[in-house]
Amino acid sequence: VVSWNALLTAYAHNGYLEEAKKTFDDMPMKNSVSFKAMLSAFYQHKHLEEAKSLFDRMQNRDVVSYNAMLTAYAQNGHVEEARKIFDSMSQRDVITWTAMLAAYAHNNRLEQAKLIFDEMPDRNHVTWTVMLAAYAQSGKLEEAKLLFDEFPQQDLVSWTAMIAGYAQNGHLEEARSLFDRVSRESLDPVSCSAMISGYTQHGQLEQAVELLHELPERNLYASTSIFAHGGFMDKAREMLQESPQQNLVVWNAMLSAYTQGGCIEEAKELFTQMPRRNLITWTAMLMAYVQVGKLQQAEMFFHRMPEQDLISWSAMLAALAHKGHPASAFTVFNEMKILHMCEPSCFAGAITACSHDGEVDAGRSFFVSMRMDFGMEAS
RNA sequence: CAUAGGACGUAAGGG
């Protein structure tokens with residue numbers, strides 16, 4: 001049973017939901033771990049309904065099952081549901097608390113996250129990292145730094161969170177000096193791309209290239225982004241072919257370097273070369289067309305995406321509103337309502353876009369909908 | 001053997 005469970009989990013973590021399901025169904029015998037593993041397989045692939053129904057069918061639900069279900073809701077954007085699970089639990093462990101903390105953190109509910117953090121009976125290094133990353137990503141670097149300094153058991157992940165925090169907010173020297181204090185052997189693709197994205201996002205190409213020469217061989221594939229960004233497309237392609245691993249995040253970073261600079265042709269070429277694509281890839285590409293004003297192409301990409309999430313919908317909505325198509329924007333917005341893909345920032349984007357263009361009537365209709373359909377008031 | 005953490009896409013600030 002143990003090895004069957006291990007196999008199931010391995011499938012799930014590598015994106016093979018079908019195989020996982022088949023393994024689960026064909027197992028000669030199952031124990032409670034099998035159910036919990038299958039549950040997490042479902043929600044990792046966004047099959048919330050199936051996760052829920054499996055959960056309901058489970059016989060003996062323990063802390064782990066509840067934790068898994070809590071995470072299932074949290075990772076699919078249902079924070080309130082997650083909270084309900086949390087409140088209903090009679091036993092909670094560190095993972096329960098940390099999962100709830102992460103649920104708030106990932107949905108930009110910093111105050112609630114902080115409350116949970118302060119209230120928790122125990123914290124471990126994962127807990128600290130979630131809180132730290134939450135501060136860092138919302139630009140509260142002092143708070144993040146305070147936490148970082150008090151951190152009991154720092155590891156590479158927490159260092160990366162701090163580095164990324166500095167890098168994203170333009171504090172490149174601080175980021176770099178932390179980065180340099182990590183031993184070269186322990187650097188991994190995530191920490192490297194955090195530093196490198198920091199440079200490329202702030203236009204420091206030379207620094208980026210310089211850093212690359214110092215990195216260990218196995219992190220070299222990250223450099224493709226730099227070469228591409230600097231206009232050395234051939235060199236980039238060469239390196240990509242040689243690279244043993246294919247880090248999708250690095251491809252995406254490279255792609256957005258193009259799109260944000262308005263280099264649509266290069267972006268398109270890169271897009272077709274990519275070994276894999278995810279939502280981030282597609283959305284970046286969509287925005288590339290928006291930026292040069294080709295809304296029809298953008299919409300084409302939008303519809304060709306394998307699936308659309310809140311961010312891609314918001315991007316499309318904002319694009320239409322920004323480029324002076326309030327009517328189409330409103331149509332998109334209505335579809336979003338039907339799909340329950342709506343949150344306050346959608347209104348904000350749409351309304352401000354209208355106000356910039358003097359589209360007062362359109363702005364007002366968003367306003368009305370905000371009140372009628374969501375019971376929200378202006379703030 | 002199972003459940004929680006870090007890098008990449010949209011929007012918000014505004015001199």
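Protein chains get the first letters and strands the later ones, always in sequence-line order, with residue 1 at the start of each.
Heavy atoms of A/Phe301 sit nowhere under 4.0 angstrom from any nucleic acid atom. Here A/Asp155 lies in heavy-atom contact (under 4.0 Å) with a base. Across all strands, A/Gln75 comes closer than 4.0 Å only to sugar-phosphate atoms, never to a base (heavy-atom distances). At a threshold of 4.0 angstrom between heavy atoms, the contacts of A/Leu156 include nucleobase atoms, whether or not backbone atoms are also involved. Within 4.0 Å of A/Asp309, counting heavy atoms only, lies at least one base atom of the nucleic acid. Note on A/Asn278: nothing from the nucleic acid sits closer than 4.0 angstrom, heavy atoms only. Contact annotation for A/Leu7: no contact, since no heavy-atom pair falls under 4.0 Å across all strands.
Using cut-offs of 30° and 60° on the angle between ring planes, the pair A/Tyr11 and A/Tyr16 is perpendicular. In this pair, A/Phe330 and A/Phe333 present their aromatic rings tilted. The plane angle is within the 30 to 60° band.
One side chain, A/Ser312 or A/Asp309, offers a donor N or O that lies under 3.5 Å from an acceptor on the other. In summary, the side chains of A/Asp180 and A/Ser177 do not present any donor paired with an acceptor at a separation below 3.5 Å, with no hydrogens or angles considered. Of the N and O atoms on the side chains of A/Ser191 and A/Asp188, at least one donor lies less than 3.5 Å from an acceptor on the other residue.
Each of B/A2, B/G6, B/G9 was ranked by its minimum atom distance to the side chain of A/Ala133; first place goes to B/G6. With distances taken from any side-chain atom of A/Gln168 to the nucleotides B/A7, B/G6, B/A4, the minimum falls on B/A7. Considering only the side chain of A/Ala164, B/A7 comes nearest among B/A7, B/U3, B/G9. Listed nucleotides B/A12, B/A2, B/G5 differ in distance to A/His322; the shortest reach to its side chain belongs to B/A12. Nearest to the side chain of A/His13, among B/U3, B/A2, B/A7, sits B/U3. Distances were taken from every side-chain heavy atom of A/Gln137 (C-beta onward) to each of B/U3, B/G6, B/G5; the shortest belongs to B/G6. Comparing B/A2, B/A4, B/A7 by their closest approach to the side chain of A/Val64 singles out B/A2. Nearest nucleotide to the A/Met287 side chain, out of B/G6, B/U10, B/C1: B/U10. Distance from the side chain of A/Ala315 is smallest to B/U10 among B/A4, B/C1, B/U10. Which of B/A4, B/G5, B/C1 sits closest to the side chain of A/Thr98 comes down to B/A4.
With hydrogens and angles left out, the side chain of A/Asn31 and the base of B/A2 share no donor-acceptor pair within 3.5 Å.
If you take CZ of A/Phe148 and C1' of B/G6, they are 12 Å apart, rounded to a whole angstrom. Here B/G6 presents its P atom at 19 Å from CG of A/Leu187, a figure rounded to the nearest Å. In this structure, A/Asp188 places its CG atom 13 Å from P of B/G6, rounding to the nearest Å. The distance from atom CZ of A/Phe55 to atom C1' of B/A2 is 14 Å, rounded to the nearest whole Å. Spacing between atom CZ of A/Phe35 and atom C1' of B/A2 amounts to 13 Å, rounded to whole angstrom units. In this structure, the CG atom of A/Asn5 is 11 Å from the P atom of B/U3, given to the nearest Å.
Counting only residues at least two apart or in different chains, ring-ring contact (aromatic ring centres under 6.0 Å, His included) contacts with residues 89-121 of chain A comprise A/Phe86-A/Trp97, A/Phe117-A/Trp128.
In this model, the phosphate group of B/A4 is not approached by any side-chain N or O of A/Tyr66 to a distance below 4.0 Å at OP1 or OP2.
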